[in-house]
Structure formats: structure tokens, C-alpha cells
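Labels below follow one simple rule: chain letters A, B, ... track the order of the sequence lines, proteins then strands, and each chain is numbered from 1. What's counted below: heavy atoms across the whole structure, side chains too, no hydrogens, waters or symmetry copies. The structure presented is a predicted model; accordingly, all values stated were derived computationally and were not measured.
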Amino acid sequence: MSFTFHSQLNQLVADMATSYREHPITASFDPDLLPNRNRIIEIIHLVRELVFPGYFGRQNLPDATIEYHIGDLLIQIHEKLSDQVGRVLRYSVGNDPAFMYDINDKTEAIVTKFLGQLPKLREVLATDIQAAFEGDPAASDKSEIVFSYPGIFAIGIYRMAHELHLLAVPLIPRIMSEYAHSLTGIDIHAGARIGHSFFIDHGTGVVIGETTLIGNRVKIYHGVTLGALSTRGGQLLNGVKRHPTLLDDVTVYSGASILGGETIIGKEVIIGSNVFISKSVPDGARVTVKNPELVIRGRAPQEFKQELIFDWVI
Amino acid sequence: MSFTFHSQLNQLVADMATSYREHPITASFDPDLLPNRNRIIEIIHLVRELVFPGYFGRQNLPDATIEYHIGDLLIQIHEKLSDQVGRVLRYSVGNDPAFMYDINDKTEAIVTKFLGQLPKLREVLATDIQAAFEGDPAASDKSEIVFSYPGIFAIGIYRMAHELHLLAVPLIPRIMSEYAHSLTGIDIHAGARIGHSFFIDHGTGVVIGETTLIGNRVKIYHGVTLGALSTRGGQLLNGVKRHPTLLDDVTVYSGASILGGETIIGKEVIIGSNVFISKSVPDGARVTVKNPELVIRGRAPQEFKQELIFDWVI
Amino acid sequence: MSFTFHSQLNQLVADMATSYREHPITASFDPDLLPNRNRIIEIIHLVRELVFPGYFGRQNLPDATIEYHIGDLLIQIHEKLSDQVGRVLRYSVGNDPAFMYDINDKTEAIVTKFLGQLPKLREVLATDIQAAFEGDPAASDKSEIVFSYPGIFAIGIYRMAHELHLLAVPLIPRIMSEYAHSLTGIDIHAGARIGHSFFIDHGTGVVIGETTLIGNRVKIYHGVTLGALSTRGGQLLNGVKRHPTLLDDVTVYSGASILGGETIIGKEVIIGSNVFISKSVPDGARVTVKNPELVIRGRAPQEFKQELIFDWVI
């Protein structure tokens, strides 16, 4: 350790300790009250191993002993998730001892309920994988989708986080969905409600807001925003339906924005690339941007007309 | 373990085992048939260490013993890649014993061929790094580009995955390119064909489809889609040329979409930001969006005219 | 090891060694001259642990012993950062022995100065977290923001990297900011200057260029580019102010691009979604795209008019 640094260390420590006291918003000294982000990520990977057996984690699974493998994973997930859920529930009541007994029971009820949902979650994910396979000409194989499609990764974590959100677990669902966001560029709020056979292709830049409703067999491309439209209310708007509704069999192409809590996109509607829309659309309609005129300079200076495009497969 | 959970564990295990049988799409019980994603990521990092010596992995490389270092890395890559390639080849023939002998030979031929391509791959990557340095005013140094540019990371993995794609290796190329996608937001399908001196700046949101052709010295900014345009055929379109062709020296600015298998962007063309195009463009042309009119409210309520912009450097 | 591979190994090694000599751009054999990316990422996480005590790393921090915890982290950061800064400074002078003594002093001065800035950095980050809480109706709690908001992660790393940039440290700031970029899709150059209470919502696809100036209480959504606009100069433009200035209290909605070094966005201006602008805007103005007309086909074939939208909360 150098002399310069050594002579200043006491001062640096004191300044930082003062900063902790003056700006408590960025410091937490309540032991056992905050969840642990790394543990939550471990839980995500254990659930993924349980949901897609043979793909992630242990791969050499003889069919005969599969029950032991399932039991072992369930016990691990139960233990780790109980610890984290307990922490966030205690955190939400401010560690008041009067609530502690209740919280242990509540934690147990939540975690057991969550584990009981996992077979249903597998069933829905199977429809999502099937939708990806049917919708993407570049998909050569369903294993390729399970292993590598970012849409499936993000939707899988969303479905997991959504179950915890429905069980009113604070903090953990958001930590889960932001983990998916960081690895895929797909930002699905755990509060959104999404039907089966959901397909997100490419995915980078997709944003699906907290109060969005999405039907079955909906297909979305990269860069799509399902967002809010409103005067600016910040925290006052917490809980208000402010994101759109997409009915069954809707397709939304890349870069489109659909905004507003009262905007309903009807069944089988196709929304074209880069459409920016804040009004409802009737069933069966196809919406496209009236061609923005292109100007071309060089060997062929001219305005450059293109036909309206209503169908894409990217 | 709590009483509630314990009393339900048998049921939870049985439900999950039933789910595995009913929804086999998301379960795999064939030992040794699936690749291992983590091993494939290790291979990527070993190849990167071999291709950029001194940058990643071991950094203290005396020139005199460099051959030992190269040999050691080649042996490691050979072993790990042979294991993974063997798995996916067996997987693709359904583990039929009649094919097993062939597969060992095929694996060996593929891996040796791949390793033999690595010096060529270094050569092409050197042109990509040079192109990044020449094209980006913010680049202070070529080491900065090797260490930190997401475009170089994604292009490097693409070039690796493309070699395996050319050798008809299933699954692994896609796992590689989705790994790059998750860390960079740049989604290049391993099937695309891309010339030398390729530069992607910033990169988040770039999508380059499976049948895209890109010439030499092409430069692309963030948010660019090189996509398909077609009636919706899903799996029927597998293998059909459905993404565009960009000839030499093309520049495509941020947010532009170029769509369609018959769309050819001529030499030295510049495509402006947010252009959405599905028609061919002759050599040397510059294409821009005819200014979408802006409306401005407040102290200066007025329509807000801007000049057409044909050149950017972001 | 198979016979085929064994018989070719010598040749593969020789070819690679030749490639190292012929393409030195992608090889580095100067021991101790290059920084180590993994060590720099460790430093980021240690600084984050110090700045947000109780959130990341050690979580069970009794208030009474906090000084020991701070001291221990400062000593670790000092040691690791001194090593990396020393390397890049030696690298920048080409390892000339004449400079070595100076470099040790310079390293010590830089690292001690950087550590002295950390309380100030905490203070500014507290304003950023407060801005996120006030601006986002979906935020339920400040802990949620610290734990999981990608904007806070990217801004935190930007503020750290910017301090090193101001101290003229080469390479390391860029490695830091590209690490944030890879995990968030938010690309903030360490050279940008950004005021307090800065909020980036969602964030994927945001690009903030090297010479951007941003005032206080500015709010930016995903897909926003603050970029350059110029004739193409490549390296010649290094250092020139080529990115825009945003004054206090500006809001920029998703997908907008603001370009050019002379473009000044006035106080309290709102820039609408997908606006593409390269001219200055006076204080208090609201700018929106004149509605691109939508064409709708199907049960209600018609042009589809929407009202101009000047306010969003996504």
C-alpha cells in the first residue's frame, strides 16, 4: 500500500460513512431484509432445469430415476425461494415482530403454490415453443428453440415471474424480469397478462408494460413497444390500466408502438412495421404506415415510390 | 423442510413426471444426444483467446514459447468441440447405431477443418478491426476496439459460427450466435454471408437474417434490420433466399430496414436513418426519408422544416 | 487425440504462429501492458458494493462495524485499480523505461483521486434513483430500482467511467461502459457530460455519444439516439463536439434521434416518439412527428387519422 493512499484512507472511510448516513436511499443496513439478486438468479436456473429437463443443468437423465431428479430440484427451489420470499415479505412489513409468525406461514403457502403451478407452466411453454417453430422459417428444430431463442428465454422467465406477481410477492418478480431483459433486450413487466402460443422473434428492444393484456397466438417482432399514453402522472398512475390490449392472433411487426390503456387491437389484426398507434383497430384489419416518401440522389435522382406493404415475415 | 411442503412433495413430483410424459417437446431424456450450452460458450472463449492472443485469457505470453500456447489451446478446442459436434451429429441421425462409425469420422473431419480455418478467420477479423478504427471518431486505439467493441465481439462469433454452418453442423452455430446476441443486442444468423472489413457501430437492435448477402467494407449502425418480406409461409420458406443483398461499400444508418430476398442495394449506396425499403437501389445512390414534418408547440408554434440529410456519422 | 488431428497439429500451430506475425493488429505480446477485462469488471462490482451498501456483495452489515467494511473495500479497489491503471498508462507510453517512475506516481494520484470522488458519486446516484422513482408509475419501491433498473445500472457505471475519463485514463472507461452496454443495451460514452437526476426508462437501444451534454432532471426512453451528424471524417473528427446538447428538464420519448454538435434542445422541451431532429429547439417547446398517415385495410378500409400526441408516459 502506497504512502499517499495510506495517509488518506482514514479520511476516505470517514467520508464514505458520512455519505451512507446522509444518503440512506442508496444504503441498507437491515440484516436479512433485502433479497439477494444472485440467489434469485440461481432460482431461475433451477426452475429452468426443472421445466426443460435434459437441456440445462444435468443432461444425462435416465428415465427410470427421473422422480429423484425432480424431487431433488423441487427441494432446492423450495429452500432457496422460501428464503428469498421470506426476506421480501419481512421487508414489506418493515420487520415488525408482530407479523413474523404470519410471514412464515404466508411464505410457505406462496412457495408451495408456486411449485404447484410449474406443470401448468411447462404446458404453456410447450405452446410457445410450438408457435416459434411454426412462425420462424429459420428454425431448424425445436431443440434449437429451447436452447437458444431469446424470446423463449424471456417468455419463460416472464411466466415464472408472473406467477409470483399473482401471489403478490414484492421485488422478486421485477428482479427476475430485469435479468431476462439484460440477457435478451426483451423487457416484459411481470404484471402483464399474456395468453398461450406467444412468439417474440429476435426481440431486442421489445417493451411490454405492466398493464398490457395479450391474447392467444400473438406474434411480436423486435423493437415493438406496448406502452402507455397519458398525461404525466408518475406514481399517481400506479395500478391504472395504461397499456394496450391485443386480442387473439394479432401480429405486430418490428419497431411498431401501440400505446394507451383503452387501445384495443382486434382479433387477427396485423400491425405493420414502425406503425405508431394509439387508437383501437377492429378485428381482421391490417394497418400500415402510408409510405413515407423516400428521396433518392445519385445516378437516379427521383422520388422513390414503394407499394404499400401489409405482410412481412422477417 | 416444512410440514406443508413435505406433505405435498410426492404429489408435486408425480405431477411434474406426468408433465414430462405429456409434453415431451420440452424434455429430453436421450443421454449424450444434446449439446451442452455452457461447453459451447467455453469453446467460444477458447477460440477468442487463440484468435486474439494476449487480450483474453492468458495475457503474459512471451514470444519465445508462443507455439506451446497455441498447441495447448488447439488441443483443448479440438477435444471440447469434437465432443459437442459428435453429440449434435448423433442427435441429427436419431442415435441410430448404423451411423455411429461414420459420425466419428465426420466429427473429426469437421473439427480439423474448422481449426484449419482459424488463421484465415484472424485475417478477416483484422480487416474488421481496421474498419472500426477508420470509421469511428470515438475510437482512440485498436486495443480499445478488440477489448470492448460489441460489433467486433458479435462479428467474431458470427465468423466462427458461419464456418461451422458451412460445415453443416446443426444447432451449435445458432447457440453461438444467440450467445453473441445476448451480450451485444446484435442478431446475425450464422447462415448470412458477409465480406471483409465489416463494421457495426453501437449495434443494439441489429438483425441480419439467414439468407442475407453482404459485400466488402459495409458499415451498419444500431437498429438496422436486414429482413424478409413475403407472404407468410413459416417453415415452408426454410432455405429460400428471403433477405436482401448489400454490395460493396454500402452504409446503412440507424433504424433503417431493408427487406426482401430480391432487394439489391448497389455499390457505395448510403441508406439514411429510419428508411424502410423493399426495392433495389442503383450503385452510388443516397436514399433518405422525405422529411416527416415535425410539429412544434410552445413559444414558437409552427411547422418545423429541416433540410434533407444524406450523410451521418453517429 | 485422433490420428487425423495429431498428424496436422504441427501444421496448425505453425500456421497460427505465422498469422500472429503477419497480423499483429489482433495480437499482443507485451507482458503487463494490456489491461485485464475480467479484473476491470471485478472493480466495477466492488465499487457498486461500496456505493450501494447492503444491496450487492455482503448484505449483512451491522451499522457498528461499517467502517471496517468500507476500509476493506477501499483497499481492494485501490489495489486492483492501481494495477489496471498502471498497465494502461504504461501501454500509452509504449513501456518506455524513462517514464516508469512518473507512471507509478501518476497511477497513485489518479486512483486516490478517483476514490475521493466516490461519496460525491453516491450523492448524484441518489438523485438518479429518486428521479426513476418519481418518473415511473410501475416502480413500487426504491429498492426495486437499485436492484433491478437497467437505467440505474448503466448510469452508475457511466458515472464511474466518466470520473476515470476526466482523469485521462485510457481504455478502462470504454471497457467499463461497454460492459454496461452489454448488460443493458444502453450505450453511454464515458466522455458524455450528464447532470443530476437523470432517468433512462427501459433503455434498450439508447446511444449517447462522446461529446453529448445533458443538463439536470433529463428523462430518456428506450431507443433514443443522441448522435452525430456530419460529413464523414472518421478519425479526423476525434475530439470535435459532434453530439447534441440537452438543457435542464428535457424529456425524449422512445425511438427519437437528436443529431449534431450544434443542436441545442432548450429547457423543458419534450421531444416526441420517433422524432428525427437536427435543429435546435427553443425552451418549453413540444415537438412531435406530424402524424404519418396510417392506412388500414380489412373490415374498415380507410385512412386512419390520429390526433397529434404531445405527452407520453410509457
Select one option (side chain, backbone, both, neither) describing which atoms of [X] are under 4.5 Å from chain A's heavy atoms.
X         : value
Leu50(C)  : both
Asn104(C) : neither
Glu79(C)  : neither
Ser182(C) : backbone

Heavy-atom pairs under 4.5 Å with chain A, option from Ile145(C), Ile66(C), Val146(C) with the top count: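 If we count pairs closer than 4.5 Å to chain A, Ile66(C) comes out on top.
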Between Pro150(C), Gly71(C), Gly203(C), which residue shows the highest count of heavy-atom pairs closer than 4.5 Å to chain A?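 Ranked by contacts with chain A, first place is Pro150(C).
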Distance in Å, [X] [atom1] paired with [Y] [atom2], rounded so as to fall on 0.5 Å steps:
X         : Y         : atom1 : atom2 : answer
His222(C) : Thr204(A) : NE2   : OG1   : 12.5 Å
Ser148(C) : Ile40(A)  : OG    : CD1   : 9.5 Å
Thr184(C) : Asp187(A) : OG1   : CG    : 11.5 Å
Leu74(C)  : Asn10(A)  : CG    : CG    : 10.5 Å

Is the closest side-chain heavy-atom distance between [X] and [Y] below 4.5 Å?
X         : Y         : value
Ile70(C)  : Tyr20(A)  : yes
Met16(A)  : Arg122(C) : yes
Asp141(C) : Ser92(A)  : no
Asn38(A)  : Phe56(C)  : no
Ser143(C) : Leu171(A) : yes

Among His189(A), Arg37(A), Glu210(A), His181(A), residue most engaged with chain C (heavy-atom pairs, under 4.5 Å):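 Greatest number of close heavy-atom pairs with chain C: His181(A).
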Glu178(A), Arg174(A), Gln11(A): which one forms the most heavy-atom pairs within less than 4.5 Å of chain C?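 Counting heavy-atom pairs under 4.5 Å, the top option is Arg174(A).
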Only distances under 3.5 Å count here; give the side-chain donor-acceptor pairs of residues 110-119 of chain C to other protein atoms, sequence neighbours excluded, each with its distance to 0.1 Å.
from, atom 1, to, atom 2, distance (Å)
Thr112(C), OG1, Glu108(C), O, 2.8
Thr112(C), OG1, Glu108(C), OE2, 3.2
Gln117(C), OE1, Lys120(C), NZ, 3.1

Please find the pair of heavy atoms, one from Phe147(C) and one from Pro35(A), that lie closest to each other, and give the distance.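 Looks like CZ-O, 3.2 Å.
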Non-hydrogen atoms of Pro282(A) and Ile296(C) that approach each other most closely: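 Scanning both residues completely, I find the closest heavy atoms to be CD-CD1, 4.1 Å.
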Hey, mind stepping through Gln8(A) and His78(C) against side-chain contact (heavy atoms from CB on, under 4.5 Å) and telling me if it holds? CA-CA 12 Å; Gln8(A) 300 193 7; His78(C) 177 269; over 6 Å; no
